[in-house]
Trainee: 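The following block contains the structure, expressed as C-alpha cells.
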Protein chains: 2
Amino acid sequence: MEAAGRQRARATITDVAKRSGTSIKTVSRVFNDEPFVRDGTRERVLKAAAELDYHPNMAARSLVRGRSFLIGLFYENPSPNYVVDLQTGALDRLHDERFRLLLFPCESARAMSGKLLQVARTSGLEGIVLAPPLGDDPRTVAELREGRMPFTRIAPTTALDASPMVGIDDVAAAQAMTQHLLSLGHRRIAFVQGDPGHASTGQRLCGFRAALAEAGVAFEPALLEQGMYTFESGLAAGRRLFAGRMRPSAVFAANDDMAAGVCVAAKEHGLDIPGAVSVAGFDDSLISRVTWPQLTTIHQPTYDMAHAATDALIALIDGQAHERAIDLPHRLLVRGSTGLAPQG
Amino acid sequence: MEAAGRQRARATITDVAKRSGTSIKTVSRVFNDEPFVRDGTRERVLKAAAELDYHPNMAARSLVRGRSFLIGLFYENPSPNYVVDLQTGALDRLHDERFRLLLFPCESARAMSGKLLQVARTSGLEGIVLAPPLGDDPRTVAELREGRMPFTRIAPTTALDASPMVGIDDVAAAQAMTQHLLSLGHRRIAFVQGDPGHASTGQRLCGFRAALAEAGVAFEPALLEQGMYTFESGLAAGRRLFAGRMRPSAVFAANDDMAAGVCVAAKEHGLDIPGAVSVAGFDDSLISRVTWPQLTTIHQPTYDMAHAATDALIALIDGQAHERAIDLPHRLLVRGSTGLAPQG
DNA sequence: TTGTAGGCGTTATCAA
DNA sequence: TTGATAACGCCTACAA
C-alpha cells in the first residue's frame, strides 16, 4: 500500500489571527470563552477558524498551562461487564470536559505495587481513579500520597481517609442476600468466595457469616469454597460442592460470574435450579440475566461508582470542595434462581 | 476534605542538565537513546534524573515534534465482552510503544457520521481504528480519506480499498455453521439477524442462505427474525419464534448474546436444548460458555483483529510498508447446544 | 476591547 | 562527543 500522504500542516492560532485580521490573543480569547471580545470580532475569528479548519493544539495548551488534562483509570478485573460499566461511568463524567481518560488494565495489584506512581508520572497523569482491588494496596496508596498525586478510590476497605472514596456496603449487601436465603428455609448454605486479593472477598464473607450468626445457624467450613471471581473458578467450586458429601441446598457466590459457573455445575449434576438447589450471585451484571433461571443477585451501581469517583477526582484536581466518602445504595434483586429449600 | 496540596514542581530537562553538569541537549540525547553520548556522561545524566525523579514532559515533546502520539479506538458495540477484547488487543499492541490509546464509544454510527474527523482533530489524534460498524459508514470513510487522517478498519465490508483492514470471512463462517446444523438433520432452521446497521448482519445472513441453497433447503421468511445483537433482542426473537406456528428445530443467532437470549426463551417454553431445539451462536464470547448447555458457536478472533488493526495503523502512521488486507481464520466450535434434529 | 512580548519543556540545527 | 540557540503553538502578564 502506498505510504501515507503527508497531511497538510495544521492551521495555528497565528493563521487564524491573520485571516481574521486580529491578533493571536484575540483568537485565544475566543477559543477560551473569555469576555471582552466584541461580537463582530468573535464572529470573524470563528469564521476564519472554520475556514482554516483550525483546532487548538492540545500539546501547546498543555505545555503552557503546565497541565496534561489526562486522568488514568487503573483496574484489575476479570469481568468484562464490570470493566465496561466502570469505563462508561468515568467516560460519561468526562463528557464535554477538558479531561481525557487513559486506561490502565493491570495484571495484578501486586505486580503494580510500587510502580503505579512511576507509570502515572511517565504518562503525565494529573489524577487517578483506582478500581478494586488496587485501592487496597498499601504501598500504592502510600506512594500516591507521598507523591502528592491526586487519586480517588472505588470500594476501598483500608486507609479509608487516604483519599476520597465511593463504595457500597458490601457487608450489609451480603448479609441481606444471606437473610433472603435463610428466609426461604435454607440452612445448608455454601459460600463461594472471590479472589483473596480483593477486599470485597472478606467483606462479603463477613456479611454472610453475620447473617448466619444472627439466625443461629452454624457456619460450616466444608461449605466454604474458594473462587477467583471468574466463571471458571465458580464452575470448579460448584463441581466440588455438588460432588461433596455435604451437598448444600443453596449456594451464594460472591459475584455473578462465579454464580453462573455454579449454575452450570448444578446442571451437570442434574440438579434443578431452584428446585434442588438455589443459587445467588452478586453484581447484577449482564451475566445474571443470561443464566436460566436468571440469577437472584445484588445490584451494585458500578457505573455510578465510577462516575462519582471521577467526579470527586476532578474536584480534587481543581482544589474544589468534595465529599470524602460516598456510599451508594445496593439493592437485592430476587429472580428465579432462588426458591424455597427442598423438604422445607 | 482539605484542598489538594500543591505538588512540587516537576523537574525539567534543565534541572537534570545542571545537576549532571551537562547541557540539555545531552540529556535529551540520553532520553531519546541517541548515539554519540559517552558512557560516563550517560550514567551521570541518568543518575541525576533518577535523583530528581525526572520524567520527560509529554506535552513539550509533542509540541516540538508536531505529534500527539494519540490514537483513537472508535466503536459502537453493545457487547461488553466484544468491546473488552477489542480494547485489550489494541492496548497490548501499544504496550511499551510510544502511542497512547483514547477510547471513543459511540452511540451509533449514524450519530457519528460526519463528525468523526472533527472529533479526531479536536483530540489531536494521529490515527484511528474503526471497529464495526463504523468502518462501513461511507461518509465517515470519505471524510477521513479527504482529511488525510490515517485509519484502519476492523471487519469492513464496503470500500475495501479505502484503508488497511482486518477481518474474517463472515459469509463462510455463517455458512459453516449452517452446514453443521444441516448435517445434524435440521431443515427448519430459524435465523436471528443482528443490528441492520452492522454489515456483518447481511454477511452472516448471506452465508446462512448460501448453505441452505447449497443443500436444497428452501429459505423460509417466517423463520427469519430481526435482532439487535443484544441479549434482550435475542430473547424477544426467541419468544416470537417459539410462540409461532412454525416452530424451528434449530435457531442460528448471529451472535452469542442473542443466542443466549434464544436459550432463555426456549427454557421459558419448556424446550430442552438440544433435545427439542438446537441453538447456535457466533463470536465465541464469554457468554457462550455461560449458557447451559454451552453454545456451539464460531470463534471470532476479536483480540487478534484489534491487535492487527492497531499494528497496521502504526505502520501507516510511520509510513512503513504494511498489508492492505488481513484475513484472520475463524473456527467452528461445536459444543452442547446443538444436536440431532428431533424425529430426524 | 485589543495587541505585544515572554516563556512553558522539548527537540533540531549547526557549530565547536 | 558536546552545547548554545532557535523554534513548536499557546496562554499570561502587561500595555495601549
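Chain identifiers are assigned alphabetically (A, B, ...) following the order of the sequence lines, protein sequences preceding nucleic acid strands; residue numbering begins at 1 within each chain. Note: hydrogens, waters and symmetry copies are ignored here, and every other heavy atom, side chains too, is used.
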Trainee: Quick check: any donor-acceptor pair below 3.5 Å linking the side-chain of A/R29 to the base of C/dT2?
Mentor: yes

Trainee: Which nucleotide in the list D/dG3, C/dT11, C/dG9 gets nearest to the side chain of B/S28?
Mentor: C/dT11

Trainee: Indicate yes or no: does B/E43 engage B/K47 in a salt bridge with an N to O separation below 4.0 Å.
Mentor: no

Trainee: What heavy-atom pair brings B/H198 and B/P132 nearest, and what distance separates the two atoms?
Mentor: CE1-O, 4.0 Å

Trainee: Once you apply a heavy-atom cut-off of 4.0 Å, does B/T22 come out as touching a base, just sugar-phosphate, or nothing?
Mentor: sugar-phosphate

Trainee: Measure from CG on A/L52 to C1' on D/dG9 and round the result to the nearest Å.
Mentor: 14 Å

Trainee: Minimum heavy-atom separation for B/T157 and B/A199, please, with both atom names.
Mentor: OG1-CB, 3.0 Å

Trainee: For a quick check of understanding: with a heavy-atom distance under 4.0 Å over all strands, which category does B/Y54 fall into, base, sugar-phosphate or nothing?
Mentor: sugar-phosphate

Trainee: Will you find, in the side chains of A/H55 and A/N57, an N or O donor that is under 3.5 Å from an N or O acceptor?
Mentor: no

Trainee: Name the nucleic acid region contacted by B/T14, choosing base, sugar-phosphate or nothing; use a 4.0 angstrom heavy-atom cut-off, strictly under.
Mentor: nothing

Trainee: Can you measure A/R44 atom CZ to C/dT1 atom C1' for me and round it to whole angstrom units?
Mentor: 12 Å

Trainee: Could you give the CZ-to-P distance, from A/R65 to C/dG9, as a whole number of Å?
Mentor: 16 Å

Trainee: Starting from P on D/dA16, measure out to CZ on A/F36 and report it in whole angstrom.
Mentor: 19 Å

Trainee: Please report the distance, rounded to the nearest Å, between CE in A/M58 and C1' in C/dT10.
Mentor: 17 Å

Trainee: How long is the line joining CZ of B/F69 and P of C/dT10, in whole Å?
Mentor: 14 Å

Trainee: Establish whether the base of D/dA4 is bridged to the side chain of B/K25 by a donor-acceptor pair shorter than 3.5 Å.
Mentor: no

Trainee: Can you see if the side chain of B/N57 gets near the phosphate of C/dC8 - specifically, an N or O under 4.0 Å from OP1 or OP2?
Mentor: no

Trainee: Counting the atoms with a prime plus P, OP1 and OP2 as sugar-phosphate, which does A/P56 contact under 4.0 Å by heavy atoms, base, sugar-phosphate, or nothing?
Mentor: sugar-phosphate

Trainee: Can you identify which nucleotide, out of D/dT2, D/dC10, C/dT2, has its nearest atom closest to the B/T41 side chain?
Mentor: D/dT2

Trainee: Measure from CZ on B/R67 to C1' on C/dT10 and round the result to the nearest Å.
Mentor: 15 Å

Trainee: Once hydrogens and angles are ignored, does a donor-acceptor distance under 3.5 Å link the base of C/dG9 to the side chain of B/R10?
Mentor: no

Trainee: I want to confirm an ordering. Mapping A/R38 and B/T12 to their closest nucleotides on DNA chain C, which one lands closer to the 5' end?
Mentor: A/R38

Trainee: When you match B/V64 and B/I24 each to their closest nucleotide on DNA chain D, which lands nearer the 5' end?
Mentor: B/I24

Trainee: D/dG9 phosphate, OP1 or OP2: any side-chain N/O from A/R61 under 4.0 angstrom?
Mentor: no

Trainee: Got a donor-acceptor contact below 3.5 angstrom from the B/D195 side chain to the B/G197 backbone?
Mentor: yes

Trainee: Taking 4.0 Å as the cut-off, does a side-chain nitrogen or oxygen of B/T26 come that near to OP1 or OP2 on D/dT2?
Mentor: no

Trainee: Quickly work out the B/E34 CD to D/dT1 C1' distance and round it to whole Å.
Mentor: 12 Å

Trainee: Compare the minimum distances between each of C/dA12, D/dT2, C/dT10 and the side chain of B/V37, then state the nucleotide with the smallest one.
Mentor: D/dT2

Trainee: Between C/dG3, C/dT11, D/dC11, which one does the side chain of B/N32 approach most closely?
Mentor: C/dT11

Trainee: Taking B/S123 for its side chain and B/A120 for its backbone only, find out whether a donor-acceptor pair lies under 3.5 Å.
Mentor: no

